[in-house]
Amino acid sequence: MNWRVPAVVLLTAFLAGCTGYSRPQPAFHQVLVDAYRLDSGDRLRITVFGQPDLTSTYTIDQSGHIAFPLVGMLSARGTTTAELDEVITTALRDGYLRHPDVSVEVDQYRPFFIMGEVRNAGQYNFVPGMTAQMAIAMAGGFTARGYQQSVDITRQINGEIVVGRVSLSDPIRPGDTITIRERFF
């Protein structure tokens, strides 16, 4: 009977460690259907119709700004392309152009990162519609020790870092960090 008590304690401790995971908060998946928010590393194609000198690609810098001709530094972090379109239009209308017609689109999304039990961990270019499974394939697939049932995704939402454990078929977002855990047996 004395051996049963330590066995029960060990089993309880093991199961408690396994249940330390809780489902991600609703905001974790809500960002997948919300409008895309720009951040550092996104490259934008900004077209000002009739103004070829202003039409170009611009990269959002580490501080979250773009340097736009005539108007200077504009804050882009956290805005949608439509919101940034309005910011640029308003800035150009304020003493530079009478009726500016501006279009903003994402030319290249910021990269995502993958680490853990994959063959080639690192930074990769994001492609719209990408799932965790596609990201793993880009990284050369699982190692022999890679846990192949789910992945952990670290995502920034409204300035807060959130981690969620999701299935391989879940979509990823630009800037996500995907972690492939090691399986035990």
Side-chain angles (χ1 to χ4, degrees), residues 24-116 118 120-139 151-166 170-179:
Q25 55 185 286
F28 187 83
H29 288 104
Q30 182 62 38
V31 298
L32 298 172
V33 295
D34 288 346
Y36 179 70
R37 298 279 172 186
L38 302 171
D39 206 346
S40 298
D42 285 331
R43 189 172 68 202
L44 308 174
R45 175 79 179 154
I46 301 177
T47 305
V48 182
F49 296 97
Q51 301 295 321
D53 293 340
L54 299 178
T55 298
S56 188
T57 57
Y58 301 86
T59 301
I60 301 174
D61 67 17
Q62 287 298 86
S63 66
H65 295 84
I66 59 169
F68 198 78
L70 300 179
V71 297
M73 299 300 279
L74 296 174
S75 179
R77 175 179 284 143
T79 64
T80 64
T81 54
E83 291 167 349
L84 185 58
D85 180 321
E86 187 59 36
V87 167
I88 295 169
T89 300
T90 301
L92 288 173
R93 191 179 299 128
D94 191 22
Y96 299 104
L97 300 174
R98 282 194 179 166
H99 302 289
D101 188 5
V102 178
S103 172
V104 177
E105 57 188 28
V106 178
D107 185 52
Q108 182 178 355
Y109 293 92
R110 64 188 176 274
F112 69 91
F113 305 88
I114 187 163
M115 59 188 200
V118 290
N120 301 306
Q123 171 181 310
Y124 292 90
N125 289 333
F126 176 82
V127 178
M130 181 174 276
T131 65
Q133 187 170 24
M134 292 173 186
I136 293 164
M138 285 179 78
V151 298
D152 291 339
I153 295 180
T154 304
R155 178 175 291 157
Q156 185 171 1
I157 303 171
N158 300 325
E160 180 183 343
I161 304 296
V162 179
V163 179
R165 186 163 293 162
V166 299
D170 267 34
I172 66 168
R173 298 279 292 184
D176 281 355
T177 299
I178 303 165
T179 305

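Taking the ring-ring contact (aromatic ring centres under 6.0 Å, His included) definition, one finds that F68 meets it with Y58, sequence neighbours left out. Listed by chain and residue number, F112, Y124, M130 satisfy the side-chain contact (heavy atoms from CB on, under 4.5 Å) test with M138 (two or more places apart in sequence, or in another chain). Contacts of Y96 classified as ring-ring contact (aromatic ring centres under 6.0 Å, His included), with partners at least two apart in sequence or in another chain: none.
Here the side chain of T90 pairs no donor or acceptor atom with the backbone of V87 at under 3.5 angstrom. Here the side chain of T55 pairs a donor or acceptor atom with the backbone of Q51 at under 3.5 angstrom.
For G78 against E83, the heavy-atom pair with the smallest separation is O-OE1, 4.1 Å. A pairwise comparison of heavy atoms in F113 and G175 identifies CD1-O, 4.5 Å as the closest pair. When all heavy atoms of A135 and I178 are compared, the closest pair comes out as CB-CD1, 3.6 Å. Summarising the geometry of D42 relative to L38, their closest heavy-atom pair is OD2-CA, 3.4 Å, with the distance given to 0.1 Å. A pairwise comparison of heavy atoms in V163 and D152 identifies CG1-CB, 4.4 Å as the closest pair. The shortest heavy-atom contact between V104 and T81 is O-CB, 3.5 Å.
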Test side chain to side chain donor-acceptor pair (under 3.5 Å) applied to D85 and T89, step by step: CA-CA 6 Å; D85 180 321; T89 300; 3.3 Å; yes
Show the numbers, then the answer: is there a side chain to side chain donor-acceptor pair (under 3.5 Å) between R77 and S40? CA-CA 7 Å; R77 175 179 284 143; S40 298; 2.5 Å; yes
So V48 and L92, side-chain contact (heavy atoms from CB on, under 4.5 Å) or not? Walk me through it. CA-CA 10 Å; V48 182; L92 288 173; 4.1 Å; yes
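A 4.5 Å side-chain heavy-atom check between F49 and P100 finds every atom pair outside the cut-off. Side-chain contact between I153 and D176 is present, with at least one heavy-atom pair separated by less than 4.5 Å. Counting only heavy atoms from C-beta outward, the side chains of R45 and V106 never approach each other to under 4.5 Å. The closest side-chain heavy-atom distance from I136 to I114 is below 4.5 Å. Residues V151 and R165 form no side-chain contact, since every pair of their non-hydrogen atoms from C-beta on lies 4.5 Å or further apart. Counting only heavy atoms from C-beta outward, the side chains of I46 and T57 never approach each other to under 4.5 Å. In this structure, the side chains of L32 and R173 come closer than 4.5 Å at one or more pairs of heavy atoms. Side-chain atoms of D170 and T131, non-hydrogen and from C-beta on, never get closer than 4.5 Å to each other.
We find the CD-CD1 distance between Q133 and I172 to be 12.0 Å, quoted to the nearest 0.5 Å. For the atom pair CD1 of I66 and OG1 of T59, the computed distance is 9.5 Å after rounding to the nearest 0.5 Å. Taken to the nearest 0.5 Å, the CG atom of L74 stands 8.0 Å off from the NE2 atom of H65. Expressed to the nearest 0.5 Å, how far CZ of R93 lies from NE2 of H99 amounts to 8.5 Å. Rounding to the nearest 0.5 angstrom, the gap separating the NE2 atom in H29 from the CZ atom in R155 is 7.0 Å.
For CD of Q30, the number of neighbouring non-hydrogen atoms (other residues, nucleotides, ligands) closer than 6.0 Å is greater than 12. Within 6.0 Å of CG in N158 there are 12 or fewer heavy atoms belonging to other residues, nucleotides or ligands.
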